[in-house]
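All remarks here apply to the structure that follows.
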4 protein chains.
Amino acid sequence: MNESGVRRRQAEQRRLQFIDTALAVFAAQGFDGTSVKDLAEAAGATQGLLYHYFPSKEALLEAALERHYFLPELRRIAAPDRDRPAAEVLLELARGFARVLDQHRDVVQLMLREAPSNSAVAERLDRARREGVRMVTEYLASRVEAGELRSHDCDASARLLFYAVLAAHLANTPPEPFLPSAVEILLHGISA
Amino acid sequence: MNESGVRRRQAEQRRLQFIDTALAVFAAQGFDGTSVKDLAEAAGATQGLLYHYFPSKEALLEAALERHYFLPELRRIAAPDRDRPAAEVLLELARGFARVLDQHRDVVQLMLREAPSNSAVAERLDRARREGVRMVTEYLASRVEAGELRSHDCDASARLLFYAVLAAHLANTPPEPFLPSAVEILLHGISA
Amino acid sequence: MNESGVRRRQAEQRRLQFIDTALAVFAAQGFDGTSVKDLAEAAGATQGLLYHYFPSKEALLEAALERHYFLPELRRIAAPDRDRPAAEVLLELARGFARVLDQHRDVVQLMLREAPSNSAVAERLDRARREGVRMVTEYLASRVEAGELRSHDCDASARLLFYAVLAAHLANTPPEPFLPSAVEILLHGISA
Amino acid sequence: MNESGVRRRQAEQRRLQFIDTALAVFAAQGFDGTSVKDLAEAAGATQGLLYHYFPSKEALLEAALERHYFLPELRRIAAPDRDRPAAEVLLELARGFARVLDQHRDVVQLMLREAPSNSAVAERLDRARREGVRMVTEYLASRVEAGELRSHDCDASARLLFYAVLAAHLANTPPEPFLPSAVEILLHGISA
DNA sequence: GATGAATGAGTGTTCATTCAT
DNA sequence: AATGAATGAACACTCATTCAT
């Protein structure tokens, strides 16, 4: 009655292999541009087996998005110590964002591609964006209160930073020397 | 004959109708998510007729991208009079970019979606981005020379502006009050 | 704009060919035992063309049942002149039923097969049965009133007749000499 | 060992559970309309286990038909004491047939559905029919000899009785008051 | 005895495209 | 210019069956 642990572990690894290869293929070809045959071949398995693990192509997409979701990582990075000066923190923040995006290049690309025709994806993407911006905004506001930064529209400066990193990622702009320069300009623009 | 002229005009209008409805459908559903049946129905025509005007689905995509390409408009906007002060020009630039993106929402979305799997699209997109950034960079450099702006990495400030507008567009962030605030911060950061 | 009549007629003939060959195959193999490939091959066409004419396999089944429905014929036969004596009429009725069943052997078989899993079919079948029995019942009642037959449960005698023909058909019992004998017994059983 | 006896009994019960649930599912959905998954789920087991007990889906069908075959019961009912009068016996016979069909509703339905595409089933069905008719025919013939019934085509009267019960069953006609009325008419028609 | 991973052929259906009319 | 019949390959998904554990 009790399945041997080995089998279960192997099965779980299969599942993950399906998910991980699917993510790469989906990112490269788009959801609709990817056939189940593509997905099975990429995972080195048969189509039938794919359906043993996932009820549909759509479910495999969702599993991939779930498994590679990066919001927690983004949260960790976007919550710096409010007592440390922006002059020190902002570049770290920018580089941290850039690193997360880079490490999750495939999910990011996939989400951006599918958002217009998949509202669940669109919502996830939006949440990540809003939360990232909000956390940076709050940090900047606390630095204004601390007297390090001048009083200004912190939401705008947060967006400037966040959007610059995001768009640079999309444009494949290398982070150096862009990020340090951008942060320098931004800091100059909002320092007290 | 006059008759043939009428016909030719009608035919051209059909072509344009195919192109324009195709653009909307492609943007909403993606190239691979759109069937020729979808395209024909959206244009109120039969599939056979579509193939009378375009040799393939791919060709219709290209025609749509061609007809709605916005690089010329972008160029006009990104080339301000170099003698006018940045304090006056930058907000105009930002709003101009935003307006172009907004007026060409469908092509923009389509290009961003298809770029990862269509290198021709990717190249067009890249060219627009590079050219836009370059022109702003050159304008800013001329303002540095004119003594209005401090000496700094103009490529970085140009990108900050351009990327902020682009990402705000993607995120559906309304341009007001974001753009004025962002420009104010940027200007503050690079003024002499 | 106006399609040539020839084309439309050819198309209609194709449709009918699909329907008629489908009926035969469905009757022989059952709905679930028949693949769309079977249906296309039987009609000498491709699967794609089948879907040009019918939206689904199910729709083809319905079209076949619709086109070969035999209720009208059954009605014509089951409504004899109420003034003619049963001694003359009953055998005609039995043979008429048998002939209709025989001429519509495939639909009958198909309906009987699919009725348990297709309620639309079950209802049609039931209607035919009820209507056939009712009409014979009414005729017999009028012969009772006319004094030719004794007073008895006419619904039962109508069913005896109808069911005997139906079951004989199903059992592939040849109508001769069964039907004349059966009618003779029945008549003897209900004569005044 | 006792242990092995227990196991064997449990195994046999599993087998029977597979068979009995399969019969119900097959009857409702038809052989081709039923997947092995359906069968396993209906039995509360896995597909693999089903194949431990039966070599194929087909074999499970055969086992079900075997186990629920009703010919022996039919024989018992169709062989009344030849010395008892038809006036007493015929209604018993009719009700007995009806009861057997009712108690074996699923097999009957299944056999009727599958007969056209499964000749083994068709033969079984035919045998039951022929044997039932033959036995009634012989009984009736003996009652003719005994002088209770008039000389007539006993095969026809036997069929009338048998087919009426069968068709009434198929049509879901309730046996009362149909059967008594039908038997009364029949008796009247063949009495000496 | 029982599980469920794995297969490969098959399912009904849709696809982009061609072509006679 | 326009139709829609026709094709054949591809699509997402299910099938009956096998087999290692």
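Proteins get letters first, then strands, A, B, ... in listed order; numbering begins at 1 in each. Just so you know, these numbers come straight off a predicted model, no measurement behind them.
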**Study point:** d(CD, Gln47(D); C1', dT14(F)) in whole Å
**Key:** 10 Å

Review point. Taking C-beta and beyond as the side chain, do Val121(A) and Leu110(A) meet within less than 4.5 Å on heavy atoms?
Key: no

Point to revise | Within-4.5 Å side-chain heavy-atom neighbours: Lys57(C) and Phe26(C) | key: yes

Study note, to complete from the structure: Atom CZ of Phe26(C) and atom C1' of dG12(E) are separated, to the nearest Å, by 12 Å

Practice item. Assign Tyr53(D) to base, sugar-phosphate, or nothing according to its heavy-atom contacts below 4.0 angstrom with the strands shown. Key: sugar-phosphate

Practice item. Starting at atom CG of Asp32(C), determine the distance to atom P of dT14(F), rounded to an integer number of angstrom. Key: 15 Å

Check your understanding: Under 4.0 angstrom, heavy atoms only, what part of the nucleic acid is Gln10(C) near: base, sugar-phosphate, or nothing?
Key -> nothing

Exercise for review: Mind checking Val36(C) for me? I need base, sugar-phosphate or nothing, with any heavy atom below 4.0 Å counting as a touch.
Suggested key: base

Review point. With a cut-off of under 6.0 Å to the ring centre and 45° to the axis, is Arg124(A) in cation-pi contact with Tyr69(A)?
Key: yes

Check your understanding: Taking the nucleotide of DNA chain E with the closest heavy atom to each, which residue, Ser35(C) or Ala11(D), is nearer the 5' end?
Key -> Ala11(D)

Check your understanding: To the nearest angstrom, how far is Leu49(C) atom CG from dC19(E) atom C1'?
Key -> 14 Å

Review point. Any idea which of dG12(E), dT3(E), dA2(F) is nearest the Arg7(A) side chain?
Key: dT3(E)

Point to revise | Interatomic distance where CZ belongs to Phe54(B) and P belongs to dT18(E) [whole Å] | key: 15 Å

Review point. Is there side-chain contact between His68(B) and Gln103(B), with at least one heavy-atom pair below 4.5 Å?
Key: no

Exercise for review: Using whole Å, report how far CZ of Arg15(A) lies from P of dA6(E).
Suggested key: 13 Å

**Study point:** Between C1' of dT3(F) and CD of Glu41(B), the distance in whole Å
**Key:** 15 Å

Practice item. Starting from P on dC15(F), measure out to CD on Glu58(D) and report it in whole angstrom. Key: 17 Å

Practice item. On DNA chain F, check which nucleotide each of Lys37(D) and Asp38(A) is closest to and give me the residue with the more 5' one. Key: Asp38(A)

Point to revise | Who pairs with dT7(E) - Watson-Crick or G-U, where each distance is under 3.5 Å | key: dA16(F)

Point to revise | Pairing partner (Watson-Crick or G-U wobble, both distances under 3.5 angstrom) of dA1(F) | key: none

Check your understanding: Is any side-chain nitrogen or oxygen of Tyr51(C) closer than 4.0 Å to OP1 or OP2 of dA6(F)?
Key -> no

Practice item. Name the closest nucleotide to the Lys57(C) side chain, picking from dT13(E), dG4(E), dA16(E). Key: dT13(E)

Check your understanding: Out of dG4(F), dT11(E), dG4(E), which has the shortest distance to the side chain of Thr46(D)?
Key -> dG4(E)

Review point. Which pair of non-hydrogen atoms, one from Gln17(B) and one from Ala43(B), has the smallest distance, and what is that distance?
Key: NE2-O, 3.6 Å

Exercise for review: Look at the side-chain N and O atoms of His52(B) and state whether any lies under 4.0 Å from the OP1 or OP2 oxygen of dA1(F).
Suggested key: yes

Review point. Checking side-chain contact (heavy atoms from CB on, under 4.5 Å) for the pair Phe54(D)/Arg15(D): CA distance, chi angles, key distance, verdict?
Key: CA-CA 8 Å; Phe54(D) 304 92; Arg15(D) 247 188 75 88; 3.5 Å; yes

Point to revise | dG4(E) phosphate, OP1 or OP2, under 4.0 Å from Arg8(A) side-chain N/O | key: no

Point to revise | Nearest-nucleotide comparison on DNA chain E, the residue closer to the 5′ end among Phe31(B) and Ala45(A) | key: Ala45(A)

